[in-house]
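Beneath this line is the structure, given in structure tokens, with notes to follow.
For clarity, every value in this text was computed on a predicted model and none was experimentally measured.
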Amino acid sequence: FFCVPLILFFANSSFIAQKFGYIDSEYILSKMPEYKTATEQMNQVTEKWSKDIETKYSEIQKLKEKYQQEEILLTADMKKEKLAEIETKEEDFKKLNNSVFGVNGLLFQKKKEILKPIMEEIYKSSEKIARKYKLSFIFDKASDMSMMYADPRHDYTDYLIEELGLNLKKEK
């Protein structure tokens, strides 16, 4: 019975001894010229795919308008055929849109491919900073993890920027 509080004390003491720090990856990325280049590249790819999708959508709209204009002149079989064609094009459009802009679509894959070297550089530098300052954990203030308060003494963003060889000066 007496042992349990003692065990809990020693278990918690190892947790207390751990050091934490955080970085702001959005700020770091804003300082990286290669991130700006990657963003421009992503915007170009996104714009091209968006235009392709818009073209397909516009084709479907034109088919629908044409059908509405000709509907009174068409036989029942012709109506079925035209509606089936429109429906097929709409399904193809949905598949294309999902394959490009969906959860694991081409855009997501391209972004991952373009950003991978940049993120690897940040991770490697984070590891160096963690070892240098004997940190057990480094959190990212810019990620989805909610950080209600962060003591600026534990902000290692500038160290990471320095490690990456980036300019620390604030942009006006």
Considering all heavy atoms of both residues, which atom of L135 and which atom of G21 are nearest to each other, and what is their separation? CD2-N, 4.2 Å

Which heavy atom in I53 sits nearest to a heavy atom in N97, and how many Å separate them? CD1-CA, 3.7 Å

Over all heavy atoms of both residues, which pair between T157 and D24 is shortest? Give the atoms and the distance, please. OG1-N, 2.8 Å

Counting C-beta onward and ignoring hydrogens, is there a side-chain heavy-atom pair between S58 and T55 closer than 4.5 Å? no

Quick one: does Y35's side chain get under 4.5 Å of I28's, heavy atoms only? no

Can you tell which of E163, E121, E162 makes a salt bridge (Lys or Arg N to Asp or Glu O under 4.0 Å) with K128? E163

Hey, are the side chains of Y27 and I161 touching, using non-hydrogen atoms and a 4.5 Å cut-off? yes

Taking the basic N atoms (NZ, or NE/NH1/NH2) and the acidic carboxylate oxygens, is any pair closer than 4.0 Å for K95 and E91? no

Side chains of E85 and Y67: does their closest heavy-atom pair fall under 4.5 Å? no

Supply the atom-to-atom distance T39 OG1 to K111 NZ, rounded to the nearest 0.5 angstrom. 8.5 Å

Run the salt bridge (charged side-chain N to carboxylate O under 4.0 Å, His left out) test on E90 and K94 for me, step by step, so that the C-alpha distance in whole Å, both residues' side-chain angles and the decisive distance to 0.1 Å come before the verdict. CA-CA 6 Å; E90 284 178 331; K94 287 177 187 174; 5.9 Å; no

Salt bridge present between K124 and E127 (N-O < 4.0 angstrom): no

Non-hydrogen side-chain atoms of M32 and L29 separated by less than 4.5 Å: yes

To the nearest 0.5 Å, how far apart are CD in Q41 and OG1 in T46? 10.5 Å

Is a donor from one side chain sitting under 3.5 angstrom from an acceptor on the other, for D77 and T75? no

Common cluster, I122/Y159, ILVMFWY with side-chain heavy-atom separation under 4.5 Å: yes

Membership question, hydrophobic clusters at under 4.5 Å side-chain separation (ILVMFWY): are M119 and L164 in the same one? yes

Counting only heavy atoms not in E59, do more than 12 fall under 6.0 Å of its CD? yes

With heavy-atom distances below 4.5 Å as the criterion, would you say the side chains of K141 and I23 are in contact? no

For Y57, look at atom OH and say whether over 12 heavy atoms of other residues, nucleotides or ligands are found less than 6.0 Å away. no

Is atom OH of Y123 surrounded by more than 12 heavy atoms (other residues, nucleotides or ligands) closer than 6.0 Å? no

If you count the non-hydrogen atoms of other residues, nucleotides and ligands that lie under 6.0 Å from CD in E34, is the total more than 12? yes

Same cluster (ILVMFWY, side-chain, under 4.5 Å), F93 and L83: no

State plainly whether one hydrophobic cluster holds both F108 and L96, where clusters connect Ile, Leu, Val, Met, Phe, Trp and Tyr through side-chain heavy atoms under 4.5 angstrom apart. no

Would you say the rings of Y22 and Y156 are close, in the sense that their centroids are separated by under 6.0 Å? no

Do L106 and V45 belong to the same hydrophobic cluster, where Ile, Leu, Val, Met, Phe, Trp and Tyr are linked whenever their side-chain heavy atoms lie under 4.5 Å apart, directly or via other members? yes

Side chains of K110 and W49: closer than 4.5 Å at any heavy-atom pair? yes

Have D140 and S25 got a donor and an acceptor in their side chains that come within less than 3.5 Å? yes

Minimum-distance pair of heavy atoms, taken over all atoms of L160 and S126: CD1-N, 3.2 Å

Taking every heavy atom of A38 against every heavy atom of L115, the minimum-distance pair comes out as CB-CD2, 4.1 Å

What one should report as the nearest heavy-atom pair of L166 and K31 is CD2-O, 3.6 Å

Run the side-chain contact (heavy atoms from CB on, under 4.5 Å) check on M42 and I114 step by step: do they pass? CA-CA 8 Å; M42 279 305 303; I114 290 173; 3.4 Å; yes

Could you tell me whether K51 and E47 make a salt bridge, using a distance below 4.0 angstrom between a side-chain N and a carboxylate O? yes

Less than 4.0 Å between a side-chain N and a carboxylate O, is that true for K56 and D52? no

